[in-house]
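The structure appears below as structure tokens.
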Protein chains: 2
Amino acid sequence: MRLPIQAVDLRTDQDVIREGDRPSRCFAVLEGFACSFKITGVGKRQILGFHIPGDMPDLQSLHLEVLDCSIGTLTPCKLGFIQHEPIRELCEAYPRLAAAFWRETLIDASIFREWVTNVGRRDAYSRIAHVMCELLVRLRAVGLAEDHQFELPITQSEFADATGISTVHVNRTLQELRGDGLIQLKREKLTILDWDRLKEAGDFDATYLHLKRQDQAAA
Amino acid sequence: MRLPIQAVDLRTDQDVIREGDRPSRCFAVLEGFACSFKITGVGKRQILGFHIPGDMPDLQSLHLEVLDCSIGTLTPCKLGFIQHEPIRELCEAYPRLAAAFWRETLIDASIFREWVTNVGRRDAYSRIAHVMCELLVRLRAVGLAEDHQFELPITQSEFADATGISTVHVNRTLQELRGDGLIQLKREKLTILDWDRLKEAGDFDATYLHLKRQDQAAA
DNA sequence: CGTTTGGTTGAAATGTGTCAAACTTTGTGG
DNA sequence: CCACAAAGTTTGACACATTTCAACCAAACG
């Protein structure tokens, strides 16, 4: 059985799929950063999660007819589209494969749970620290971060939408994080200067990412 | 193949499973209300979702070894415990059944996404209205609400932990909702007086619940 | 090199949190 | 069935984290 993948390049700030769509395919991020988001009735955006290479952000569409959120690029991206039908057939034929895909969506759900907690019960300082911790650990797991430094092509306004605070306050909080010597952030490059203190500030425990052993180096 | 279910009765405020556990079984809510939650490093609780009869709140444990959140009862509950092993065997034998379970966990994830948005980008008034809307629609789908009225055995403090605001502010916001004629709430019984305006106040659209057609009466 | 996008700053407004006390309802044991 | 305790709700005063608005600055880009 073959699994035809159609590679597509997208520019920054393009919608890949939109809330309300009924797609017949899903995609994997091959290169670049993307994010899931919703727009509220009064036009505010909430980013629900960041997607990095290796992620399949809309695997859910395999079993949910209508999309309940949108996904857009944060940087230029290379995406690999795969039709639902052949995936479904593979899943029926190989239950272990289905279980592996299922597991991926369960990890996504686990991350959403952590994000509910993050925006619901942590202050701005912690929220931002937490998101940075998560990104480091996930990027390391796919080899996109060495040590404690990685490309972070995310604007302060996007950070605001991810953490549920205002852009201005993100700016001030980033200055605090810098002033406290936890991070260095310039030119879209984030350097974590004090991992232990950043983890503590962000109330971060990587358990919810459900990484396999070999991926846990950073955590 | 048999699927042995062990029924268990629990009192109010009992933990069913705890963050960090590695369960070998999962459960369904047969009667009563429960909730998933996390406790942050500084001891604040975030409720991640409410569970009503028919839900299988920890189905995720089938494929994730370690629990990343706790689940506790909000009222006296009757739970049905089922071992993972027989479920896994059934899923391998009947891919359609696996897909149905998978779909359930995908809906859970969709609800978490909505909750991220709720606590991240809506004000207190909207957040509470939203949660009420969700509960009505879900309870109607399982026949536990008639018209626009249902048993809501949830304290203001639990409401606070679900919406990421303080207990005192929940109290004041509930008074606002009452004062505006949207709801009536006494003796753990919630009556929605103006469904259209409550939906609008809560920025509520039931799509994210992914109900099958016959369940959508209320939405 | 001008234009756009993103970052930074200050001042004022505000939603929400905190604290502490009083009140009400519910549950329980005598 | 009353009395008491416990749990939950309500209130007021005040503190404060965060938002909003508006302007300015810096960097990226064609």
Side-chain angles (χ1 to χ4, degrees), chain A residues 11-14 33 35 40 42-47 72-76 118-130 151-180 183-190 201, chain B residues 11-14 33 35 40 42-47 72-76 118-130 151-180 183-190 201:
Chain A
R11 306 186 181 291
T12 300
D13 277 327
Q14 304 282 302
F33 277 61
C35 72
T40 71
V42 294
K44 295 185 176 179
R45 178 172 72 162
Q46 175 66 48
I47 289 180
T73 60
L74 294 170
T75 67
N118 203 41
V119 295
R121 283 299 186 214
R122 296 193 184 108
D123 63 17
Y125 193 84
S126 279
R127 288 186 209 182
I128 293 180
H130 190 99
E151 293 296 325
L152 184 68
I154 291 173
T155 68
Q156 294 186 359
S157 155
E158 285 153 359
F159 243 108
D161 289 339
T163 51
I165 59 189
S166 69
T167 306
V168 171
H169 201 57
V170 166
N171 182 284
R172 293 181 170 127
T173 307
L174 284 175
Q175 289 179 52
E176 256 194 279
L177 285 162
R178 281 190 278 239
D180 292 344
I183 61 160
Q184 183 181 322
L185 175 60
K186 55 182 177 194
R187 297 276 180 75
E188 310 205 324
K189 179 152 231 157
L190 178 71
Chain B
R11 307 187 180 289
T12 300
D13 278 326
Q14 304 283 301
F33 276 61
C35 72
T40 71
V42 294
K44 295 184 177 179
R45 179 172 72 161
Q46 175 67 48
I47 289 180
T73 59
L74 294 169
T75 67
N118 203 40
V119 294
R121 282 299 185 216
R122 297 194 184 109
D123 63 18
Y125 193 84
S126 278
R127 287 186 210 183
I128 292 180
H130 190 98
E151 292 295 325
L152 185 68
I154 291 172
T155 68
Q156 295 186 1
S157 154
E158 285 153 359
F159 243 108
D161 289 340
T163 51
I165 59 190
S166 70
T167 306
V168 171
H169 202 57
V170 165
N171 183 283
R172 293 183 169 126
T173 307
L174 285 175
Q175 291 178 52
E176 258 194 275
L177 285 163
R178 281 189 279 239
D180 292 346
I183 61 161
Q184 185 182 321
L185 175 58
K186 55 183 174 193
R187 299 275 181 76
E188 310 207 321
K189 178 153 233 156
L190 178 71

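So that the names make sense, note that chain A is the first sequence line, chain B the second, and so on, each numbered from 1.
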- Message: Please determine whether side-chain contact (heavy atoms from CB on, under 4.5 Å) holds for the pair B:R178 and B:I183, giving the CA-CA distance in whole Å, both sets of side-chain angles, and the decisive distance to 0.1 Å.
- Response: CA-CA 5 Å; B:R178 281 189 279 239; B:I183 61 161; 4.1 Å; yes
Working to the nearest 0.5 Å, report the span between [atom1] of [X] and [atom2] of [Y].
X	Y	atom1	atom2	answer
B:D123	B:T163	CG	OG1	11.0 Å
A:L174	A:I128	CG	CD1	5.0 Å
A:N171	A:S157	CG	OG	12.0 Å
B:H130	A:T40	NE2	OG1	11.0 Å
A:L190	A:E151	CG	CD	10.0 Å
A:E176	A:H169	CD	NE2	7.5 Å

- Query: Reading nucleotides 9-21 of chain D from the 5' end, what letters show protein touch, with B for base, S for backbone sugar-phosphate only, - for no heavy atom under 4.0 Å?
  - Reply: SBBBB----SBBB
- Item | Heavy-atom side-chain contact between A:R121 and B:D161 under 4.5 Å |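 A:R121 vs B:D161: side chains touch.
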- Message: Reading DNA chain C from 5' to 3', where do the contacts with chain A start and stop? Cut-off is 4.0 Å to heavy atoms.
- Response: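 Endpoints of the contacted stretch of DNA chain C: C:dG6 to C:dA11.
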Between protein and nucleotides 23-30 of chain D, what N or O pairs are separated by less than 3.5 Å?
from   : atom 1 : to     : atom 2 : distance (Å)
D:dA28 : OP1    : A:R187 : NE     : 3.2

- Task: Check the pair A:E158, A:I47 against side-chain contact (heavy atoms from CB on, under 4.5 Å), reporting the backbone distance first and the verdict last.
- Result: CA-CA 8 Å; A:E158 285 153 359; A:I47 289 180; 4.1 Å; yes
- Query: After noting the C-alpha distance and the side-chain angles of A:V42 and B:R122, does the key distance pass the side-chain contact (heavy atoms from CB on, under 4.5 Å) rule?
  - Reply: CA-CA 9 Å; A:V42 294; B:R122 297 194 184 109; over 6 Å; no
